[in-house]
A.B. asks: 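Mind looking over this structure? Questions follow.
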Amino acid sequence: MHEGARERIARFLGAKESAEVVFVRGTTEAVNLVAYAWGLHNLGAGDEVLLSLMEHHSNIVPWEIVSRLRGFKVQYAKVKSDGTLDYSDFESKLSNKTKMVCLSHVSNVSGVINDVRRIAKMAHDHGALMLADGAQSVPHLPVNVRDLDVDFLAFSGHKMLGPTGIGCLYCKRALLEKMSPFQGGGEMIREVSFDTTSDRCGITWNDPPWKFEAGTPDISGSIALGEAVKYLDTIGMQEVFDHEVMLTRHAMMMLKVHDKVKVYGPEDLASKCGIIPFSVDGLSSHDVALFLDNYGITIRSGFHCAQPLHQVFKLQSSARASFYIYNTTEDIDRFGEVLGEIEKL
Amino acid sequence: MVAIEDYVSRVEGTCGAEKDVIVIFKYEKKDEAIKRILAKAQLKNSIAGIIFELGFGDFSFRLYSSGKAIFRSIKNREELNGILDDLLL
């Protein structure tokens, strides 16, 4: 069942084979895996890794840590005031020094959908690899890794009806073959033999993907994630996306009538997912979240692990409404009613 | 002897540049905690009798009938504990 879940997830992503899907604890571990297993061995002084200012901390911090160990430079592409990527700035920062490009497929703060296919082509044209953070895209829209032509794609189970503590790293097989292991022991070993001549142990790694899955696998987690993927497959990811677009359109219309509410991010629905960051005049995002919570409406408040993007928006923090398949227009109408109450404060 | 721990389940610093602190009262003690706080703090505004904008000395905070309160511009845990001591005990 564990390997069956891997096969199902590989088909869901459009991977060539299930061996290209590595089970990890989540998106954060997936990015760390690439930063350490690939970055530590392939990057050094004079090299560059290109990120953007809209990245989740999980797609910033691993690269900053490894850059301090290996001496390469981390570059950040600018984000426009509406939260969209500045593609010109991104392209201007690509050079033959760039060895890795890492970008959110969908921003977890603004919901902006980045043109990952275009960025992957730009990266490959400069000889760089492409890692897409799919934490907010894989659960919400159709994602095909071969169509996007990404080298790596990371995502988490808990954002797509699965449990916490399980996620996946998609990686092209040829890269997995070349990469060194991330952690040692357990599943990732084929053989460990003591050599009396050298007084050392000789180690043979297991084949990918198990080479990157040290220890006892989270079997219950992988099976549960496989079932979540099966459920989403039954609905169809285009249906999931269309439902979210409908809800987002409804919410954007509703928010416009609230004078004290300011919405961030693009207004063009063609370039965003079902995530709406907003603020209410005179109130902190935490005040707004607690107020809504009192009426049984859950949103998130704070930096959302993306502090640099809040610097771009010049915000101390933001409130974030987000939608999924279980939400309805009635939920949004109720959200609007409570916002009306909040404006009376 | 009654202590603030009898009423408070946990305290969370907020994620963001603001220095807000959220106090979450124990579910079984939240109604008593709210009653005690309302008896001591100055009521500035109330919405539907379930959300209260309050003042206490130099501090302002908001109390929710769900059993949560948000305090603004709190310097540290000691300062918060002092306020909670005065409000709850």
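Order of the sequence lines sets the chain letters (A, B, ...), proteins ahead of strands, with each chain counted from 1. Just so it is clear, the model here is predicted, and its values are computed rather than measured.
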A.B. asks: Do you know which of Cys305(A), Ala289(A), Ser317(A) has the most heavy-atom pairs under 4.5 Å to chain B?
C.D. replies: Ser317(A)
A.B. asks: Pick from Ser301(A), Ser285(A), Ser318(A), Gly302(A): which one has the most heavy-atom pairs with chain B under 4.5 Å?
C.D. replies: Gly302(A)
A.B. asks: For Ile50(B), is it the side chain, the backbone, both, or neither that has a heavy atom closer than 4.5 Å to a heavy atom of chain A?
C.D. replies: both
A.B. asks: Is it true that atom CZ of Arg72(B) has more than 12 heavy atoms of other residues, nucleotides or ligands lying nearer than 6.0 Å?
C.D. replies: yes
A.B. asks: For chain A, find which of Ser66(B), Ala69(B), Gly67(B) contributes the most heavy-atom pairs closer than 4.5 angstrom.
C.D. replies: Ser66(B)
A.B. asks: How many angstroms lie between CG in Asp287(A) and OH in Tyr64(B), if you round to the nearest 0.5 Å?
C.D. replies: 4.5 Å
A.B. asks: Would you say that more than 12 heavy atoms from the other residues, nucleotides or ligands in this model lie under 6.0 Å from the NZ of Lys29(B), or not?
C.D. replies: yes
A.B. asks: Report the distance from atom NZ of Lys68(B) to atom CZ of Phe291(A), rounding to the nearest 0.5 Å.
C.D. replies: 14.0 Å
A.B. asks: Count the heavy atoms belonging to other residues, nucleotides or ligands that lie under 6.0 Å from CG of Asn76(B), then report whether that count exceeds 12.
C.D. replies: yes
A.B. asks: Got a sec: does the NZ of Lys44(B) have more than 12 other heavy atoms crowding it under 6.0 Å?
C.D. replies: yes
A.B. asks: Would the number of heavy atoms belonging to other residues, nucleotides or ligands and lying under 6.0 Å from NZ of Lys262(A) be above 12?
C.D. replies: no
A.B. asks: Provide the closest heavy-atom pair for Cys15(B) versus His286(A) in the form atom of the first, atom of the second, distance.
C.D. replies: O-CE1, 3.1 Å
A.B. asks: Take atom CD of Glu267(A) as the centre, draw a 6.0 Å sphere, and report whether it contains more than 12 heavy atoms from other residues, nucleotides or ligands.
C.D. replies: no
A.B. asks: Among Lys344(A), Glu341(A), Gln316(A), single out the residue with the greatest number of heavy-atom pairs under 4.5 Å to chain B.
C.D. replies: Gln316(A)
A.B. asks: Answer with side chain, backbone, both or neither: which region of Ile342(A) has an atom nearer than 4.5 Å to a non-hydrogen atom of chain B?
C.D. replies: neither
A.B. asks: Roughly how far, to the nearest 0.5 Å, is the CZ atom of Arg62(B) from the CG atom of Leu290(A)?
C.D. replies: 9.0 Å
